[in-house]
Amino acid sequence: QVQLVESGGGLVQAGGSLRLSCAASGIIFSINTMGWYRQAPGKQRELVATVTSGGSTNYADSVKGRFTISRDNAKNTVYLQMNSLKPEDTAVYYCHADIRITRVTMYDGYWGQGTQVTVSS
């Protein structure tokens with residue numbers, strides 16, 4: 001059983017900062033790409049940022065220069081530092097990870113339960 005547990009969401013004023021964390025636990029052989037997605041009310045879930053096991057990153061245009069994704073491979077944890085937050089960043093933020101539970105199985109995608117981020121104007 002694999003679990004992704006997010007933390008760090010909350011309410012912040014525009015221009016403020018938040019740091020999200022997501023820790024993977026359970027039966028894990030290796031983790032490939034980890035990332036953050038978000039879903040605002042009435043909208044589809046969208047990519048925010050991803051980071052590979054080697055440290056390569058990818059960001060949505062809307063967050064470039066404001067958000068930073070990082071990971072600690074020893075702790076199976078991914079972080080999202082969010083600065084200069086805007087009201088349009090308000091959404092439920094979900095952690096995602098591609099995880100292999102044994103050396104002979106394929107990578108499978110896992111989601112966290114989501115954490116609410118609300119940015120007030």
Side-chain angles (χ1 to χ4, degrees):
Q1 194 82 339
V2 174
Q3 278 192 316
L4 298 181
V5 179
E6 299 126 334
S7 60
L11 173 64
V12 65
Q13 287 189 329
S17 298
L18 283 174
R19 188 189 194 213
L20 305 182
S21 300
C22 171
S25 62
I27 302 173
I28 296 172
F29 178 77
S30 65
I31 303 177
N32 194 357
T33 300
M34 303 184 81
W36 291 94
Y37 294 72
R38 67 186 181 187
Q39 187 166 19
K43 295 188 176 181
Q44 288 190 328
R45 191 172 298 189
E46 64 177 4
L47 169 74
V48 176
T50 60
V51 58
T52 68
S53 57
S56 296
T57 58
N58 179 51
Y59 293 94
D61 288 342
S62 59
V63 307
K64 281 181 182 176
R66 299 188 298 122
F67 291 9
T68 302
I69 190 170
S70 62
R71 64 190 280 176
D72 184 332
N73 291 329
K75 295 181 178 180
N76 291 336
T77 299
V78 62
Y79 306 96
L80 186 68
Q81 178 65 43
M82 304 185 293
N83 298 329
S84 302
L85 282 160
K86 304 175 181 180
E88 51 263 44
D89 294 318
T90 295
V92 177
Y93 283 69
Y94 296 91
C95 173
H96 181 271
D98 293 320
I99 296 173
R100 191 163 57 168
I101 61 173
T102 74
R103 64 186 299 272
V104 297
T105 55
M106 302 285 286
Y107 282 101
D108 210 352
Y110 293 85
W111 291 95
Q113 80 285 356
T115 184
Q116 178 70 45
V117 171
T118 303
V119 184
S120 63
S121 57

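- A donor-acceptor pair under 3.5 Å is absent between the side-chain atoms of Y107 and the main chain of T33, judged by distance alone.
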Applying side-chain contact (heavy atoms from CB on, under 4.5 Å) to I101 and Y110, what does each step give before you reach the verdict? CA-CA 11 Å; I101 61 173; Y110 293 85; 4.0 Å; yes

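- Using modelled atom types, one side-chain atom of R71 and one backbone atom of T52 make a donor-acceptor pair closer than 3.5 Å.
- T90 places a side-chain N or O within 3.5 Å of a backbone atom of V119 that can act as its donor or acceptor partner.
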For a side-chain contact (heavy atoms from CB on, under 4.5 Å) check, start with the C-alpha distance between F67 and L18, then their side-chain angles and the critical distance, and finish with the verdict. CA-CA 10 Å; F67 291 9; L18 283 174; over 6 Å; no

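- Summarising the geometry, atom CG belonging to L20 is positioned 9.0 Å from atom CD belonging to Q81; distances are rounded to the nearest 0.5 Å.
- One finds no salt bridge joining K86 and D89 here, because no Lys/Arg side-chain nitrogen approaches an Asp/Glu carboxylate oxygen to under 4.0 Å.
- Distance check: I69 CD1 to M82 CE gives 11.5 Å after rounding to the nearest 0.5 Å.
- In this structure the side chain of L4 reaches within 4.5 angstrom of the side chain of I99, judged on heavy atoms.
- A perpendicular orientation is assigned to the rings of Y37 and H96, their planes being inclined by more than 60° (bins at 30° and 60°).
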Audit row: Y79, T68, side-chain contact (heavy atoms from CB on, under 4.5 Å) steps and yes/no: CA-CA 8 Å; Y79 306 96; T68 302; over 6 Å; no

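- Between N83 atom CG and R19 atom CZ the span is 11.0 Å, to the nearest 0.5 Å.
- No side-chain heavy atom of F29 sits under 4.5 Å from any side-chain heavy atom of V104.
- Counting non-hydrogen atoms of neighbouring residues, nucleotides and ligands closer than 6.0 angstrom, the CD atom of Q113 exceeds 12 such neighbours.
- Atom SG of residue C22 and atom CH2 of residue W111 lie 10.5 Å apart, to the nearest 0.5 angstrom.
- Panel note: side chain E46, backbone R38; no donor-acceptor pair is recorded below 3.5 Å.
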